[in-house]
Protein chains: 2
Amino acid sequence: MKYSRQRELIYKAVVDNPIHPTAEMVYNILKKENPQLSLGTVYRNLQQLSERGELIRLSFPDKPDRYDGHTGRHYHGLCSRCGEVTDIFVDYFEDIDKIVERETGLKVASHNALFSIICPRCADSLA
Amino acid sequence: MKYSRQRELIYKAVVDNPIHPTAEMVYNILKKENPQLSLGTVYRNLQQLSERGELIRLSFPDKPDRYDGHTGRHYHGLCSRCGEVTDIFVDYFEDIDKIVERETGLKVASHNALFSIICPRCADSLA
DNA sequence: CCAGTAATAGTAACGATTACTACTTCTAAA
DNA sequence: TTTAGAAGTAGTAATCGTTACTATTACTGG
């Protein structure tokens with residue numbers, strides 16, 4: 001894989017923006033300073049980086065995919081009001097992989113979890 | 001919501017097929033006996049049923065959405081070899097919602113989990 | 001500094017899904 | 001039961017997110 005300035009920018013845009021941006025968001029963030037950037041380049045690099053495990057790609061029904069720069073095992077929260085995606089850093093629940101293995105007989109490599117939450121901003125606006 | 005024969009068929013196709021079919025799969029299953037069925041009708045009803053909580057809609061990167069007729073809390077396994085989706089029925093891990101609430105301060109309603117597994121068929125073919 | 005390979009910009013194409021429209025089917029009340 | 005009106009359907013067009021293509025540009029090893 002050859003170095004490219006664009007890939008560097010795209011990667012940093014995801015890592016530096018904890019909002020879990022979509023491809024379009026990355027494009028909009030970067031095009032201000034890099035007006036020649038192509039949306040296809042953003043998509044291509046996000047895909048490559050995800051394949052290589054340098055980014056994580058998240059899918060939700062009826063919404064564009066989002067990308068996460070944290071590659072360590074962690075969970076996510078999805079605000080059921082505003083749709084915001086947040087990282088949830090708690091210790092990985094090792095046990096539950098073993099429980100599932102024991103109870104189902106399947107070989108379990110890992111799991112990921114999505115918590116349905118109310119984010120602080122939405123919680124406030126409700127109060 | 002008014003009764004329709006098509007909706008009934010679509011709902012049953014999902015509930016009766018534990019493969020977590022895609023919209024296209026549902027269409028193909030049903031069109032044999034119901035050649036007049038329209039793909040748009042399948043999509044529209046799957047969406048309505050998901051919105052009403054009678055089906056669950058699952059999204060994965062780069063794959064069409066899948067639908068699950070089990071609406072009770074449960075988990076899913078995704079075979080990392082063949083991509084097959086399976087239900088995983090183990091007791092809901094109530095504790096982890098509380099742990100996340102305690103550690104993050106967020107209001108947690110529930111979670112779902114996706115286990116990365118090797119399905120029995122793939123495990124066999126490797127042996 | 002140059003050759004060769006990989007990456008890009010720009011645009012076209014694609015697949016999954018939703019929207020639209022004229023026609024059909026439920027259903028509730030007369 | 002008939003019938004009016006609302007909701008649903010079939011068939012097709014349109015949309016959106018994403019990937020593919022192509023001519024040009026930018027890395028990098030020798």
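A, B, ... follow the sequence lines: proteins, then strands. Residue 1 opens every chain. Excluded from the calculations below are hydrogen atoms, water molecules and symmetry mates; all remaining heavy atoms, backbone and side chain alike, are included.
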Discussion item. Distance check needed: dG15(C) P versus Lys63(B) NZ, whole Å only.
Written reply: 17 Å
Worksheet item: How close or far is atom P of dA10(D) from atom OH of Tyr27(B), stated in whole angstroms?
Response: 9 Å
Worksheet item: Donor-acceptor pair under 3.5 Å: do we get one between Lys2(B)'s side chain and the base of dT27(C)?
Response: no
Worksheet item: With no hydrogens and no angle check, is any side-chain donor or acceptor of Arg7(B) less than 3.5 Å from a backbone partner on Asn45(B)?
Response: no
Practice prompt. Can you tell me the distance, in whole Å, between the CG atom of Asp62(B) and the P atom of dT17(C)?
Written response: 12 Å
Worksheet entry | Leu49(A) CG - dT18(D) C1' separation (whole Å) | 16 Å
Practice prompt. Using atom CD of Glu51(A) as one end and atom P of dT19(D) as the other, report the distance to the nearest whole Å.
Written response: 9 Å
Item to complete: Keeping the roles fixed (side chain from Glu84(A), backbone from Cys79(A)), state whether a donor-acceptor pair exists under 3.5 Å.
Response: no
Worksheet item: Should His70(A) and Ile56(A) count as side-chain neighbours, where that means a heavy-atom distance under 4.5 Å?
Response: no
Practice prompt. Let me know, please, whether Glu24(A) or Arg44(A) comes out on the 5' side of the other along DNA chain D by nearest nucleotide.
Written response: Glu24(A)
Item to complete: Identify whether any heavy atom of Tyr3(A) sits under 4.0 Å from a base atom; if not, whether one sits that close to sugar-phosphate; answer base, sugar-phosphate or nothing.
Response: sugar-phosphate
Item to complete: Specify the separation, in whole Å, of atom CG of Asp65(A) and atom C1' of dT19(D).
Response: 13 Å
Discussion item. Just the rounded figure in Å: distance from P of dT8(C) to CG of Leu30(A).
Written reply: 12 Å
Discussion item. Can you measure Leu46(A) atom CG to dG17(D) atom P for me and round it to whole angstrom units?
Written reply: 15 Å
Worksheet item: Is there a side-chain polar atom (N or O) of Ser38(A) under 4.0 Å from OP1 or OP2 of dT8(C)?
Response: no
Worksheet item: Mapping Gln47(B) and Gln36(A) onto DNA chain C by nearest heavy atom, which one lands closer to the 5' end?
Response: Gln36(A)
Discussion item. Does a side-chain N or O of Asn34(B) approach OP1 or OP2 of dA10(D) to a distance below 4.0 Å, or not?
Written reply: no
Worksheet item: Can you tell me if the side-chain N/O atoms of Arg5(B) get under 4.0 Å from OP1 or OP2 in dT25(C)?
Response: no
Worksheet item: Are OP1 or OP2 of dA10(D) and a side-chain N or O of Gln6(B) less than 4.0 angstrom apart?
Response: yes
Worksheet item: With a non-hydrogen cut-off below 4.0 angstrom, is Arg7(A) in contact with a base, only sugar-phosphate, or nothing?
Response: sugar-phosphate
Worksheet item: OP1 or OP2 of dT8(C) sitting under 4.0 Å from any side-chain N/O of Ser4(A)?
Response: yes
Worksheet item: Is any side-chain heavy atom of His111(A) closer than 4.5 Å to a side-chain heavy atom of Val100(A)?
Response: no
Practice prompt. Check whether any side-chain heavy atom of Phe115(A) sits under 4.5 Å from a side-chain heavy atom of Thr104(B), and report yes or no.
Written response: no
Worksheet entry | Residue Arg57(A), side-chain heavy atoms: nucleotide from dT19(D), dG8(D), dT17(C) that is nearest | dT19(D)
